[in-house]
Amino acid sequence: MPETSPRPLRADALRNRERLLEAAIQAFSRPGPEVTLDAIAREAGVGIGTLYRHFPTREALIEAAYRNELGKLCDAALDLLDQLPPDRALRGWMSRFIDYLATKRGMADALRLVIAAGTNPFAQSRDRLLEALDRLLAAGAAAGTVRADVDAADVLVSLSGISLAAGERAQADRLLDLLMDGLRHRRAG
């Protein structure tokens with residue numbers, strides 16, 4: 001029997017799915033008692049049946065919410081490059097990366113459930129992040145605003161370190177500015 005690809009979601013179903021993912025990110029990122037799927041459905045403005053149609057298990061919802069956040073971050077690289085000069089696009093993406101890591105840390109308990117169930121939500125994360133960073137760095141190098149000798153993996157480690165070390169968002173922003181200064185191409189002169 002030939003494989004068929006799933007039908008694309010109707011516009012209303014796609015909106016419901018997006019609202020569920022947003023509500024899940026918010027719910028799983030909050031400290032406190034474990035949130036119920038009923039509460040997530042209510043927050044998204046849909047019934048519990050709609051939630052289960054999209055995400056048959058709690059783990060499926062958690063994994064989809066995490067992957068959705070990762071996808072938004074990685075897709076932002078192209079969007080930022082379309083809107084800003086490459087060096088400013090890189091700096092904007094770096095700021096979004098810090099937000100992404102904060103969300104990921106907030107979801108740590110929920111993500112552990114997914115891992116305990118035998119799935120690895122992080123399987124392609126590093127590759128996708130490196131691809132986005134490579135694109136941003138290459139655009140900056142081509143424009144002559146970012147050093148051409150920078151490895152995306154080194155920048156990714158630096159960003160992770162900033163996220164872990166910064167005590168508050170304002171400090172993270174200052175550290176991102178310092179990192180960005182180190183990445184800028186300096187013209188001889």
Side-chain angles (χ1 to χ4, degrees), residues 17-18 21-22 24-26 28-31 59 61-116 118-189:
R17 185 177 196 286
E18 290 302 316
L21 291 172
E22 289 300 319
I25 287 292
Q26 295 303 312
F28 294 132
S29 296
R30 281 193 293 265
E59 291 79 14
L61 175 60
I62 295 165
E63 184 173 3
Y66 167 74
R67 289 186 188 274
N68 189 58
E69 290 300 295
L70 174 69
K72 286 194 294 191
L73 173 65
C74 293
D75 293 345
L78 285 176
D79 294 339
L80 289 166
L81 284 170
D82 284 345
Q83 300 166 17
L84 301 168
D87 58 331
R88 289 185 45 220
L90 175 60
R91 177 57 180 84
W93 191 89
M94 290 165 48
S95 184
R96 289 180 186 206
F97 181 83
I98 297 298
D99 292 338
Y100 159 80
L101 284 184
T103 298
K104 185 176 157 186
R105 264 196 308 280
M107 290 184 66
D109 289 338
L111 288 167
R112 278 192 277 281
L113 288 175
V114 174
I115 294 166
T119 325
N120 181 1
F122 311 117
Q124 295 126 5
S125 299
R126 182 174 168 78
D127 290 342
R128 292 196 63 200
L129 291 167
L130 287 174
E131 182 181 313
L133 257 174
D134 273 332
R135 183 173 287 124
L136 289 158
L137 291 168
T145 57
V146 174
R147 293 172 36 184
D149 64 339
V150 177
D151 183 77
D154 293 341
V155 176
L156 190 61
V157 169
S158 299
L159 291 171
S160 297
I162 288 170
S163 175
L164 289 172
E168 59 184 31
R169 183 52 195 245
Q171 184 180 36
D173 285 334
R174 290 189 306 271
L175 293 170
L176 289 176
D177 289 341
L178 285 171
L179 175 58
M180 196 63 217
D181 284 347
L183 294 173
R184 291 193 195 283
H185 175 70
R186 305 286 184 228
R187 299 191 200 293

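It should be emphasised that the depicted structure is a prediction, and the values quoted were computed from it without experimental measurement.
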Task: Presence of salt bridge, Lys72 and Glu69, under 4.0 angstrom - done: yes
Task: Candidates Leu176, Leu175, Leu101 - the one meeting side-chain contact (heavy atoms from CB on, under 4.5 Å) with Leu159 - done: Leu176
TODO: Flag the pair Asp87 and Arg91 as a salt bridge only when some basic side-chain nitrogen lies within less than 4.0 angstrom of an acidic carboxylate oxygen.
DONE: no
TODO: Verify, without hydrogens or angle tests, whether Trp93 (side chain) and Leu81 (backbone) share a donor-acceptor contact under 3.5 angstrom.
DONE: no
TODO: To the nearest 0.5 Å, tell me how far Arg169 CZ sits from Ser163 OG.
DONE: 9.0 Å
TODO: Might you work through the side chain to side chain contact (heavy atoms under 4.5 Å, CB included) test for Leu80 and Leu90, ending with a clear yes or no?
DONE: CA-CA 8 Å; Leu80 289 166; Leu90 175 60; over 6 Å; no
Open item on the list: Any donor-acceptor pair under 3.5 Å linking the side-chain atoms of Arg88 with those of Thr145?
Closed with: no
Task: Distance in Å, Asp173 CG paired with Ser95 OG, rounded so as to fall on 0.5 Å steps - done: 5.0 Å
Open item on the list: Within the 4.5 Å heavy-atom criterion, are Asp154 and Val150 side-chain neighbours or not?
Closed with: no
Open item on the list: Is it the case that the side chain of Gln171 and the backbone of Gly167 share a donor-acceptor pair, with hydrogens and angles ignored and the cut-off at 3.5 Å?
Closed with: yes
Task: Nearest atoms (heavy-atom pairs only) where Ala65 meets Ala24 - done: CB-CB, 4.1 Å
Open item on the list: Closer than 3.5 angstrom, by distance alone: can the side chain of Ser29 be matched with the main-chain N or O of Ile25 as a donor-acceptor pair?
Closed with: yes
Task: Check ion pair Asp99-Arg96 (N to O, under 4.0 angstrom) - done: no
Open item on the list: Pairing donors with acceptors under 3.5 angstrom, does anything connect the side chains of Tyr66 and Ser125?
Closed with: yes
Task: Exercise: identify the closest heavy-atom pair between Ala152 and Asp134 - done: CB-OD1, 3.1 Å
Task: Gap between atom CG of Leu113 and atom CD of Glu63 - 0.5 Å precision - done: 12.0 Å
Task: Sub-4.5 Å side-chain heavy-atom contact between Leu136 and Pro86 - done: no
Task: Rounded distance [0.5 Å steps], CG in Leu21 versus CG in Asn68 - done: 4.5 Å
Task: Inter-residue atom distance Leu70.CG - Arg126.CZ, 0.5 Å rounding - done: 13.0 Å
- [ ] Could you go through the salt bridge (Lys or Arg N to Asp or Glu O under 4.0 Å) check for Arg112 and Asp109 one step at a time?
- [x] CA-CA 5 Å; Arg112 278 192 277 281; Asp109 289 338; 2.3 Å; yes
- [ ] Could you pull out the closest heavy-atom pair between Lys104 and Leu111, with the gap in Å?
- [x] O-CD1, 4.0 Å
Task: Distance (rounded to the nearest 0.5 Å) between Ile62 CD1 and Met107 CE - done: 6.5 Å
